[in-house]
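Let me give you the structure first, and then I'll get to my questions.
Note that the coordinates shown come from a computational prediction; the quantities given were computed from them, not determined experimentally.
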Amino acid sequence: MKSMEEAVRQILLGIGEDPERQGLKNTPFRVAKMFREVTKGYQADPQKIINNAIFDVDYDEMVVVANIEYYSLCEHHLLPFFGVVHVGYIPRGKVVGLSKIPRIVDMFARRLQIQEKMTLEIAHLLNDALDPDGVGVVVEGQHMCMMMRGVQKDKAKMITSAMLGSFKDDEKTRAEFLSLIRSPRVEAPY
C-alpha cells in the first residue's frame with residue numbers, strides 16, 4: 001500500500017501538482033485504496049464464487065441473464081470502461097445459481113482488462129463449470145480511453161461476443177440468444 005501511495009505522490013509531482021496542498025494531502029492514500037477495491041477480482045476464486053451452487057435439472061432450454069452491469073479498467077491506460085454483459089447457456093442437466101453469473105462477471109471485470117479477453121474468460125469459465133450444450137456471452141462497453149483522450153468519441157460503443165458449442169455451431173441457437181438480449185423489456189413499476 002505504501003509503495004502505491006508513493007507512486008501516486010510521484011504522479012502528482014510529475015503533473016506539476018503539490019501533493020501537500022489541502023485537497024491532495026490524502027489523495028495518494030485514497031487512490032491506493034480505490035485501486036485495491038476496483039481490482040479485487042485478482043483475489044477472487046471462481047470455485048468459491050460458484051460455491052457448489054450447481055444444480056441438477058431436467059431443463060434443456062436456453063437460460064439468459066441480460067444487462068449485467070460491470071465496471072473495469074483498461075489495462076493499456078488504466079482508464080475505466082463500463083457497460084453490460086449478456087450471458088446465455090443451454091443446460092445439459094446442470095444449471096448454476098442465478099446470482100453466480102453476475103459474480104463471475106464482476107470477478108473478471110475487477111481486473112486490469114481488455115474487453116475481448118473478459119468476454120472469453122466469462123464464456124470459458126461457465127463452459128468449464130457447467131459443461132452445457134453451449135454458451136453465449138455478449139459484452140457492450142464504453143471506454144473512457146476513447147472518450148476522454150485519443151480519438152475522443154463519446155458515443156462509440158464496443159461490442160464483443162464469445163460463442164461456444166451450439167451457440168457457435170447452430171445458427172438458430174445463436175439467433176435466439178441474440179433476439180432475446182435485444183428484446184424490449186417492460187420496466188418494473190418499483
Can Ser72 and Gln113 be said to form a side chain to side chain donor-acceptor pair (under 3.5 Å), step by step? CA-CA 7 Å; Ser72 193; Gln113 270 296 8; 5.8 Å; no
Rounded to the nearest 0.5 Å, what separation is found between the CZ atom of Arg111 and the CD atom of Glu121? 6.0 Å
Carefully, step by step, assess Met147 and Lys153 under the rule side chain to side chain contact (heavy atoms under 4.5 Å, CB included). CA-CA 5 Å; Met147 296 168 74; Lys153 298 299 178 198; over 6 Å; no
What's the verdict on side chain to side chain contact (heavy atoms under 4.5 Å, CB included) for Leu180 and Met62, showing C-alpha distance, side-chain angles and the deciding distance? CA-CA 10 Å; Leu180 287 172; Met62 192 173 297; 3.9 Å; yes
Does Phe167 form a side chain to side chain contact (heavy atoms under 4.5 Å, CB included) with Ile90? I'd like the steps, not just the answer. CA-CA 9 Å; Phe167 283 69; Ile90 297 177; 3.8 Å; yes
Using the six-membered ring wherever Trp is involved, compare the ring planes of Tyr70 and Phe81 and label them parallel, tilted or perpendicular (cut-offs 30° and 60°). perpendicular
Any donor-acceptor pair under 3.5 Å linking the side-chain atoms of Thr27 with those of Arg30? yes
Side-chain contact, heavy-atom cut-off 4.5 Å: Phe177 with Met163? yes
Stepwise side chain to side chain contact (heavy atoms under 4.5 Å, CB included) check, Ile181 with Val64: CA-CA 8 Å; Ile181 67 173; Val64 175; 4.0 Å; yes
Verify the neighbour count for atom CD of Gln22: are there more than 12 heavy atoms of other residues, nucleotides or ligands below 6.0 Å? no
Determine whether more than 12 heavy atoms belonging to other residues, nucleotides or ligands lie under 6.0 Å from atom OH of Tyr59. yes
Between Ile49 and Ile104, is there a side-chain heavy-atom distance shorter than 4.5 Å? yes
Can you tell me if Gln115 and Thr160 form a side-chain donor-acceptor pair at under 3.5 Å? yes
Within 6.0 Å of CZ in Arg103, more than 12 heavy atoms from elsewhere: no
Could you pull out all donor-acceptor pairs under 3.5 Å where a side-chain atom in residues 37-47 meets a protein atom, sequence neighbours excluded?
residue	atom	partner	partner atom	Å
Thr39	OG1	Phe35	O	2.5
Tyr42	OH	Leu112	N	3.1
Asp45	OD1	Gln47	N	2.9

